[in-house]
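Atoms considered below: every heavy atom in the structure, side chains included; atoms not considered: hydrogens, waters and symmetry mates. Quick note on labels: first sequence line is chain A, next is B, and so on, each numbered from 1.
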Amino acid sequence: MKFHRILVSREALKLENVLQAGQAFRWIWDEKNDLYMTSILIPGHDKYGIVILRQKRIKKEQDDEYIEFAFKHPTWEYSCVENYLKQYFRLEVDLVAQLENWTLKDPNFLNISSQGIRILSQEPWETLISFICSSNNNISRITKMCHNLSTYYGNKIGKFNDMEFYSFPTSEQLIEKATEQELRDLGFGYRAKYIIETARKMIQDQKRFNVSTDQEVFFHISKNFSYEKIREHLMGYTGVGPKVADCVCLMGLHLDHIVPVDVHVTRFAKRDYNIAATKTELAKIRESYNSLNLPITKKKINPELDFIRRKLTEKWGPFAGWAQGILFSKEVGSTAGATVAGNVKKRKRSLDEVDNVDSSIKMKKSITAPKIEA
DNA sequence: CTTCAACCTGTAAG
DNA sequence: ACTTACAGGTTGA
């Protein structure tokens, strides 16, 4: 297995804080070898492949800082994987410079490190389903759900280190193979219905936009719609409210200025920024969705949270979503009370429990319990 | 239009 | 052992 390097500082990217901290849910951490592994689809190649990443934790003096990647796929060249990873990690965005920029505008950033937290550019369909699963849920279980979707409804990709890898299922595969009851038996709870209905609507959207893949549907709406229209469309799926829609916009459709507002963001927005809307401002927000003719948004939106979203985007600028990622991590870390400064919660998946899935619905423990790193 | 209970499940904490 | 609270929300009344 040959590893290739991509130069990037740990200040700009820390795999441990990006790959398993609530943004992506299908990276597997091999604790023993300190590797991160997943299956990915590179546009232009029809088959999924396996990517392996690693990053040294300690930097020696005057050493270059880099991440390393290896891969397994019939036709990939190292350069196309490198290009893919560069865009997956959005390395064209200078995180250190952005942090400086936020610090200038916002004193709250004064003593904050980036922790190497970046916003990823993920596959939108997978992002949508993952974040539908995220509602009223914890990272450990979301991770488990995403892996189970792949294992039960995706395609077998191949093995690495004795571990079987699967693709993330398309909407078509979900409709073909999964039922609501089966997903419930797999532990999805009330989200089972959301997933089935979303997959069904996605198939309809493919017809409506005259395309044949999930990805093309997202490409279409992202290319032709404004942010408000994109969100309106996303909230047309069952189980998708403003927060999930914004997560898809930010992490799936690279709308970098979008700030998904959840309970943690709401907390620090009020506490640290004193953000509170007046009645007039709330009325104005409602009015804006009326005049733009966005009935679903109007129905699902919470004007108070939408106000917070607007204010934070206004404050932080074009990469506000990235700023949110850093503060969010800090907020969750401190509320969890179990992380040291500079480290986010880390979770692992053990190697031996993943394999060996038979056709019967058994699932449950494919992921080990969350582990907090000291 | 706002408010609020209900919703599945796994796990840590009482 | 047994109970309760909570987790990056959304829905429907």
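- At whole-Å resolution of the value, NZ in A:Lys330 and P in C:dG8 are 18 Å apart.
- Between the C1' atom of C:dA7 and the CZ atom of A:Phe25 lies a distance of 12 Å, rounded to the nearest Å.
- Proximity note for A:Arg286 (side chain, C-beta onward) versus B:dT2, C:dG8, B:dC8: the nearest is B:dT2.
- When only modelled atom types and interatomic distance are considered, A:Thr179 and A:Glu182 share no side-chain donor-acceptor pair under 3.5 Å.
- In this structure, A:Lys193 does not pair ionically with A:Glu180, as no charged nitrogen and carboxylate oxygen lie closer than 4.0 Å.
- At whole-Å resolution of the value, CD1 in A:Ile142 and C1' in B:dC8 are 13 Å apart.
- We find that A:Glu281 and A:Arg310 are not joined by a salt bridge, their nearest charged nitrogen and carboxylate oxygen being 4.0 Å or further apart.
- Of the candidates C:dT11, B:dC7, C:dG8, C:dT11 carries the atom nearest the A:Tyr194 side chain, counting heavy atoms from C-beta on.
- Between A:Phe209 and A:Phe218, the distance separating the two ring centers is not shorter than 6.0 angstrom.
- Residues from residues 225-253 of chain A placing a heavy atom under 4.0 Å of any atom in DNA chain B do not occur.
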(request) Both distances under 3.5 Å, Watson-Crick or G-U wobble: on that basis, could you give the dot-bracket string for DNA chain B, with [ ] for crossing pairs and | for other-strand partners? (result) ..|||||.||||||
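- Between the side chains of A:Asn155 and A:Gln173, a donor-acceptor pair is found at a separation under 3.5 Å.
- Within 6.0 Å of CG on A:Asn111 lie no more than 12 heavy atoms contributed by other residues, nucleotides or ligands.
- Judged by closest nucleotide on DNA chain C, A:Gly22 is the one of A:Gly22 and A:Lys299 placed further toward the 5' end.
- The gap from the C1' atom of B:dC8 to that of C:dC6 amounts to 13 Å, rounded to the nearest Å.
- Between A:Lys144 and the phosphate of B:dG10, there is no side-chain N or O to OP1/OP2 separation shorter than 4.0 Å.
- Atom NZ in A:Lys298 sits roughly 14 Å away from atom C1' in B:dT2 (whole-Å rounding).
- The interatomic distance linking A:Lys193 (NZ) with B:dC8 (P) rounds to 9 Å, in whole Å.
- Under the stacking definition used here (centres under 5.5 Å, planes under 30°), the residue A:Phe131 fails to qualify as stacked on the base of C:dG8.
- In this model, no donor atom of one side chain and acceptor atom of the other lie less than 3.5 Å apart for A:Thr170 and A:Asp214.
- Dashed line: the shortest gap from a side-chain N or O of A:Arg184 to OP1 or OP2 of B:dC8 is under 4.0 Å.
- Note: CD1 (A:Ile195) to P (B:dC7) measures 19 Å, nearest angstrom.
- For A:Pro303, taking side-chain heavy atoms from C-beta onward, the closest of the listed nucleotides B:dT2, B:dC8, C:dT10 is B:dT2.
- The base of C:dG9 is paired with the side chain of A:Tyr190 by a donor and an acceptor separated by under 3.5 Å.
- For A:Gln324 against C:dG8, a side-chain-to-base donor-acceptor contact under 3.5 Å is present.
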(request) Decide yes or no on salt bridge (Lys or Arg N to Asp or Glu O under 4.0 Å) for A:Asp272 and A:Lys330, but give the supporting numbers first. (result) CA-CA 13 Å; A:Asp272 301 336; A:Lys330 188 169 180 284; over 6 Å; no
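- In this structure, A:Asn138 places its CG atom 12 Å from C1' of B:dC8, rounding to the nearest Å.
- A side-chain N or O of A:Asp205 and one of A:His233 form a donor-acceptor pair less than 3.5 Å apart.
- In this model, no donor atom of one side chain and acceptor atom of the other lie less than 3.5 Å apart for A:Gln98 and A:Asp94.
- Atom CZ in A:Arg191 sits roughly 17 Å away from atom P in B:dA6 (whole-Å rounding).
- Between C:dG8 and B:dT2, the distance separating the two P atoms is 27 Å to the nearest Å.
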